[in-house]
Amino acid sequence: MAANTSSANFIKTSTNATNKKSNSIWNDFQDVYRVSMKSYWDALDKYPKLKLIDIFCLFLVIIGVIQFAFLCLIRDNFPFNAFLSGFIICVGQFALLISFRMQYLNPFPGIPKNRAFGEFIVASLILHFICLHFIN
Amino acid sequence: MSLSVKEKTVVNWVLRALKLLICIFVVVASISSRLFAVVKFESIIHEFDPWFNFRATKLLTETSFYNFLNWFDSRTWYPLGRVTGGTLYPGLMTTASLIWNILHKIGIPIDIRNVCVLFAPIFSSLTAWATYKLASDIKDTRTGLLAAAFIAIVPGYISRSVAGSYDNEAIAITLLMLTFMFWIKSIKTGSILHTIGASLCYFYMVSAWGGYVFITNLIPFHVFCLLLMGRYSNQIYVSYTTWFVLGTVASMQIPFVGFLPIRSNDHMSALGIFGLLQIVAFGNFIKKSYSQNNNNSNSNGNLKKVMVFSFLAVCILGILLLILATYLGLIAPWTGRFYSLWDTNYAKIHIPIIASVSEHQPVAWPAFFFDTHFLIWLFPVGVTLLFSELKNEHVFIIVYSVLCSYFAGVMVRLMLTLTPVICIASSVALSQLFDTYLNFYDLFKFWQNGSSSRQNSTNKDTKLNFFKFLSKLIVSGSFIFYLYIFVYHCTWVTQNAYSSPSVVLPSQTPDGKMALIDDFREAYYWLRMNTDEDSKVAAWWDYGYQIGGMADRTTLVDNNTWNNTHIALVGKAMASNEDRAYEIFNELDVDYVLVVFGGLLGFGGDDLNKFLWMIRISEGIWPDEVNERSFFSTTGEYRVDSSATQVMKDSIMYKMSYHNFPYLYGENSGGVDHVRQQLIKPEDVGDLKRFHEVFTSENWMIRIYKLNERDNEGRDSEFSVFKNKSVANDNNSNVEGVDGSRRRRRRRRQQYSLLDASELRI
């Protein structure tokens, strides 16, 4: 009997602990979110061109989501290549933009910002060419 | 001793000139050692697959690229046909025809066959250059030069790139090395431009060879290892994501690949790493921005907790998604070829057609030494040396070598992808060794200072120097000797083992002169000249491409083994008795049946030796009609003499192979089959009633039979009145009569003794 109650107690305390823990993790998340958002706005103020890049990123994400939602809505992917090229161009352009963004904020040794921009343009052109070819 | 600026530039120029000179020598060596095939034999397309590539290239030069991609080939896989344009890798043919077109534009009227024959040597020189660049990035240019020299002449690579071996691998290894070269460069610099180079080379590779899957998995694995080692950097993000996005969408442009990169599990690791890298980059971004504003150590602990928690959540979510996608059928199930990589017995049990290809067998241990000579024991040394520095690019070479060593142990053909990394790793080891032991700078200094300072230096000092010098001399001398032996070995192997076209077989007359056994071409030429243009030839799939390329006749099955059932059908016909086989062949509109018989010469790769595979493959489809056990004698042996089972003796493969063979050496003595070393007696070989022999080549290697025609009322051939007439028509090329030709063949048989022809198709 005694053993039983003690084990029940133990369970109770442990659930309490997990509750507390998850609560604290939630707090941690909030904390991290707040701080990083703050530093993000700081960076935006520092480099105004970042705003352009990030808006473009957001635009790509929205377009990608819309395409995917449309696919789910009509429940058919018939011209699959067309959908794929539309979707991949969003993902790809996004990845390229992020790559460029990294180089814009802290350039790699040996690659100045202007060259990074030029390379970004070339890669984007190739991506667009292939996707246009794929879309039929 | 310091040099002036002028002297330094002079030294630099000399070094550069030497490097260029060495590169030129390497290129010359790589091309010329591959020309043995042309010098010893002739300018001819080799083996099996190259004949198809050659045929496709010819079509491409004759029609347009558009027609080529839409090519429906009705002359193979009769009556099904094959959507050839959509099921081949067009890279090789496109490149060859591009070269041909350019040469014609600038006024060099070269034959397309010669372009195809010389294709592999030219591209192997490019491989040497790419390997030079790659190895230079791993260590230094001396390593690069050594690696280039190794890859130029190493037999493991030459085996697939001699002149005339016009196969996908000829260009694929070049592209493999180019892709890796660009990849290493982009990992080092993070430049998008280099990554574009890597993805374009990857695209080219996808267009040229099915082995591109190796790159698709190796590069993500490299990145994954770097992530696990905690080496995430923005350079890695930039180069991997750019490569993945461009490479994947470009690879989908190849019709044969299509949507595979997002469907098959072979490609999933690349996609998974792409996703993982996004998450890691995002985490990194958060971390950076968090630590910029917060210097509190406690809150850093919070951040860690958040990171771990979200990482676990993402992992679980990802695994669930993967399972769901496989379950819903969005992702293709794992392919058989993939399983056979992990479990060497998988193919043997489940897919006989994969196991039957000799390229898919595991490597025999001596093959490693045979193909790479002393590099094979320098290879582990090089890999170990790479561990001591362990930069990002070194991780790549280590990962590459570990993965490839395993895969090469599973499949012979993957030896080809292992060879480059063996060359690179062992050149790292060797150049490290030479850096230390071939450095006689001290000695020169000693000599130079010697005259002035000899009286000052003690006796002990010179002695020490002498021993140091001696040890250096011994070590570097022995390794230079190994290098010499290596070159010797490579030349010997190339000359003797890898230059044979296997369409023409080398042999020797008793007085040691070289003689060629040209039965294959003789038979194919006979087919081309003496049969109707639309006649269908049934043969085992090995000879499909050659019949299509050389004889230009319609075949039932060929080396593109896309339809297992159709192959099994031909196998069943070969394994069944005459009546049944006649029925099957008639249903398939077959006019001629071609069998390869090596019993007279001792040619081991003949159809009777492949017969077991025909039986196994057809047993897989019709277990109740074909039974492997019934072809073995009561003691469980594979016999072809009197103790063979009745089923074996009734099969048309047996009858066609040994038709008239026992009478070759006199009326009743019987004939000895030189491959299986068994005596074939006249009473063992039953008469052919529904087929008749129309052609047998000089050394009996190829025998062609024609189906007896049904008469006008569709009655069976056995009673056909037209039988004799058609025999007379078809036999007019062999007008000498059976007796005369038999005598002539016996004479030749005494003259030639075939050199290990059985080993030709390793």
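Below, chain A is the first sequence line, B the second, and so on; all start at residue 1.
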By a 4.5 Å heavy-atom criterion (distance strictly below it), what part of A:Ile130 contacts chain B: side chain, backbone, both, or neither? both
Should we say atom NZ of B:Lys188 is surrounded by more than 12 heavy atoms from elsewhere, each under 6.0 Å from it? yes
When B:Leu193, B:Thr189, B:Thr241 are compared by non-hydrogen pairs under 4.5 Å with chain A, the top option: B:Leu193
To the nearest 0.5 Å, atom CD1 of B:Ile286 lies from atom OH of A:Tyr40 at 11.5 Å
Among B:Phe285, B:Tyr237, B:Phe282, find the one that has a side chain to side chain contact (heavy atoms under 4.5 Å, CB included) with A:Ile98. B:Tyr237
CE on B:Met252 to CZ on A:Phe134, rounded to 0.5 Å: 5.0 Å
Between B:Val245 and A:Leu127, is there a side-chain heavy-atom distance shorter than 4.5 Å? yes
Using a 4.5 Å heavy-atom cutoff, which residues in residues 104-115 of chain A come close to chain B? A:Asn106, A:Phe108, A:Pro109, A:Ile111, A:Arg115
Counting neighbours of OH on B:Tyr66 that are heavy atoms of other residues, nucleotides or ligands and sit closer than 6.0 Å, is the number greater than 12? no
Sort A:Gln103 into side chain, backbone, both or neither according to what part of it lies under 4.5 angstrom from a heavy atom of chain B. side chain
Is it the backbone or the side chain of B:Phe259 that comes under 4.5 Å from a heavy atom of chain A, or both, or neither? side chain
Largest heavy-atom contact set with chain A, pairs under 4.5 Å, which of B:Ala250, B:Ser191, B:Ser233, B:Ser310: B:Ser191
For B:Phe203, is it the side chain, the backbone, both, or neither that has a heavy atom closer than 4.5 Å to a heavy atom of chain A? neither
Give the intermediate values and the outcome of side-chain contact (heavy atoms from CB on, under 4.5 Å) for residues B:Ile192 and A:Val122. CA-CA 9 Å; B:Ile192 295 184; A:Val122 172; over 6 Å; no
To the nearest 0.5 Å, atom CD1 of A:Ile126 lies from atom CD1 of B:Ile196 at 4.5 Å
The interface call for A:Phe80 against chain B, heavy-atom contacts under 4.5 Å, is both
At under 4.5 Å between heavy atoms, what parts of residues 84-91 of chain A are in contact with chain B? List them by residue number. A:Leu84, A:Ile88, A:Val91
Count the heavy atoms belonging to other residues, nucleotides or ligands that lie under 6.0 Å from CG of A:Leu52, then report whether that count exceeds 12. no
Applying a criterion of heavy atom separation less than 4.5 Å, what residues of residues 53-63 of chain A form contacts with chain B? none
Across all chains, not counting sequence neighbours, the side chain to side chain donor-acceptor pair (under 3.5 Å) partners of B:Thr94 are none
